[in-house]
*Asks:* 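Input: one structure, supplied below.
No experiment lies behind these values; they were computed from the predicted model shown. Residue numbers start from 1 in every chain, and the chains themselves are labelled A, B, ... in the order their sequence lines are given, proteins ahead of strands.
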Number of protein chains: 2
Amino acid sequence: MISEKLSKEKENAIINAARKRFAHYGFSKVTMEEIAGDVEMGKASLYYYFPTKDDLFRAVIFQEQNELKKSIELILEKPKYASEKLREYVEQRMKFFRILINLGTLSVHSYFDTKSVFKKLFLDFEMVELDLIKKIIDEGKLKNEFNPDLPDNAALTFLHILQGLRCRVLRWTKGQSLDDETHKILQNEMKAATDFFIHGIENK
Amino acid sequence: MISEKLSKEKENAIINAARKRFAHYGFSKVTMEEIAGDVEMGKASLYYYFPTKDDLFRAVIFQEQNELKKSIELILEKPKYASEKLREYVEQRMKFFRILINLGTLSVHSYFDTKSVFKKLFLDFEMVELDLIKKIIDEGKLKNEFNPDLPDNAALTFLHILQGLRCRVLRWTKGQSLDDETHKILQNEMKAATDFFIHGIENK
DNA sequence: TTTCGACTGTTCAAGTAAAACAGTCGAAAA
DNA sequence: TTTTCGACTGTTTTACTTGAACAGTCGAAA
């Protein structure tokens, strides 16, 4: 209780060490002993802060997700066209998911299938993303910039298109991290899809 | 030489037997002996018609692809709105790929990764599909129905969106065939995406 | 409150042996 | 000449075993 701040700091140090390792080697290839070594602790001490390896991993993902959320909320506050905001959102999202891919979480052959524990984390975040997209579209409607036929469906469909494009590209990678070239291709595809989507909901 | 017709007939019988087996159990779980048994032949006889198991599988896929191509070309000839043709194309394409998924070819955990032999087959067919979509869009342009900003990019982006949506849904299935409910969901998503795309390229 | 050495039960990876398989060949039937 | 197939071979897959590595526990100590 005395050193609540210090405790939080150590927790963060562990999360950061874990993120670096996970990002490089993936969940299964990292041991708790290695992470403990990085923060100069005994392995058992890690279990004082995180009851399981899964929990530590979840904390890493959660941190990353929150950072994306914050960066998008920042975009929302800017005085820009809604269409411009949508484009910036897509860009931010790509950067973020590149990290997640390196975290070995989104790869096709990843833990996703077996460890459904992590599924919930991503499903929850999908709701957060959906909300952010809806806000951008609603703003566009208010400004008479957008006029979608099906406002409710628009956000969901758009999110699924983005998810799909990423998924499709990941199929080609052999479970390893995305190389620069593939990332560029994906970037262009997402931009093109965003353009078509914006054209589709624009007020005419 | 005398019985060329009979020979073709037997070849087809083999392909049909193979398709049934592959569709049910997937490429790796089917043996040449089983297929031979279905057409009441010895295993060695199969090798008279198809030099390898891969070749037989390719023949099955090729037949399916050709059937889709024909059915889409039929749509193209009808006197309908280009937008309607695009919607029908998406529908036909879904039916077709459901068969391919059952063939165990498109599943995430499929032979796709290891056997790059099959990759070419699908890459080639992507070109065929691209061509068909381009034809529909061009027709729409001629009729002043469509007016896309980037005509060349439109077809490719649209195809990739469709591929992506399918890929995204397949991620949830455990490598098994798509159940009816999931298929319905995918169908609705594709329809929604098609609507947005059509709106995006419509002449305003 | 926080740390950790020493421990446990489980999971995973490397190795192995046997079975199943794709593909061959030469002889025989049509 | 065209088509069939039994008997064969070398390779791949699978089922099983074993030792090591691992996640997670606990009680003592700082």
*Asks:* Rounded to whole Å, how long is the line connecting atom CZ of B:F50 with atom P of D:dT3?
*Replies:*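 About 13 Å, once rounded to whole Å.
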
*Asks:* So, is B:S7 close to the D:dT3 phosphate, meaning a side-chain N or O under 4.0 Å from OP1 or OP2?
*Replies:*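 Indeed, a polar side-chain atom of B:S7 lies that close.
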
*Asks:* Counting side-chain heavy atoms from C-beta on, which of C:dT1, C:dC21, D:dT4 comes nearest to B:K10?
*Replies:*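 When the side chain of B:K10 is considered, D:dT4 is the closest of C:dT1, C:dC21, D:dT4.
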
*Asks:* Is it true that the side chains of B:Y25 and B:E34 contain a donor and an acceptor less than 3.5 Å apart?
*Replies:*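 On atom types as modelled, these side chains do not qualify, holding no pair under 3.5 Å.
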
*Asks:* Are B:E189 and A:T157 close enough that a side-chain donor and a side-chain acceptor fall under 3.5 Å?
*Replies:*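 Judged by distance alone, the side chains do not pair up.
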
*Asks:* Step by step, work out the ring-ring contact (aromatic ring centres under 6.0 Å, His included) result for B:F22 and B:F57.
*Replies:* CA-CA 8 Å; B:F22 285 141; B:F57 189 72; 4.9 Å; yes

*Asks:* How close or far is atom C1' of D:dC22 from atom CD1 of A:I35, stated in whole angstroms?
*Replies:*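 Those two atoms, CD1 and C1', are 13 Å apart.
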
*Asks:* Is any side-chain N or O of B:Y48 closer than 4.0 Å to OP1 or OP2 of D:dT4?
*Replies:*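 The answer is no; no side-chain N or O of B:Y48 sits under 4.0 Å from OP1 or OP2.
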
*Asks:* Near B:K78 NZ, under 6.0 Å, is it more than 12 heavy atoms from other residues, nucleotides or ligands?
*Replies:*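 Yes.
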
*Asks:* What distance separates A:R168 CZ from A:I161 CD1, expressed to the nearest 0.5 Å?
*Replies:*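 A:R168 atom CZ to A:I161 atom CD1 measures 13.5 Å (nearest 0.5 Å).
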
*Asks:* Scan nucleotides 23-30 of chain C nucleotide by nucleotide, 5' to 3', and note B when protein non-hydrogen atoms come under 4.0 Å of the base, S if they reach only the sugar-phosphate, - if neither.
*Replies:* BBB-----

*Asks:* Could you identify the nucleotide paired to D:dG27, looking across every strand shown and requiring Watson-Crick or G-U wobble geometry with both distances under 3.5 Å?
*Replies:*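 Partner of D:dG27: C:dC4.
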
*Asks:* Of the listed nucleotides (C:dC4, D:dT3, C:dT2), which one gets closest to any side-chain atom of A:S45?
*Replies:*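 Nearest listed nucleotide: C:dC4.
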
*Asks:* Who does D:dT17 pair with, Watson-Crick or G-U, both distances under 3.5 Å?
*Replies:*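 Pairing partner, where one exists within any strand: C:dA14.
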
*Asks:* Can B:E64 and B:R19 be said to form a salt bridge (Lys or Arg N to Asp or Glu O under 4.0 Å), step by step?
*Replies:* CA-CA 9 Å; B:E64 294 293 326; B:R19 195 192 49 235; 3.6 Å; yes

*Asks:* Write down the distance between CD (B:E33) and P (C:dA19), rounded to a whole number of angstrom.
*Replies:*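 Checked: the CD to P distance equals 16 Å.
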
*Asks:* Quick one: on DNA chain C, does A:K29 or A:G42 contact a more 5' nucleotide (nearest heavy atom)?
*Replies:*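 Between the two, 5'-proximity favours A:G42.
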
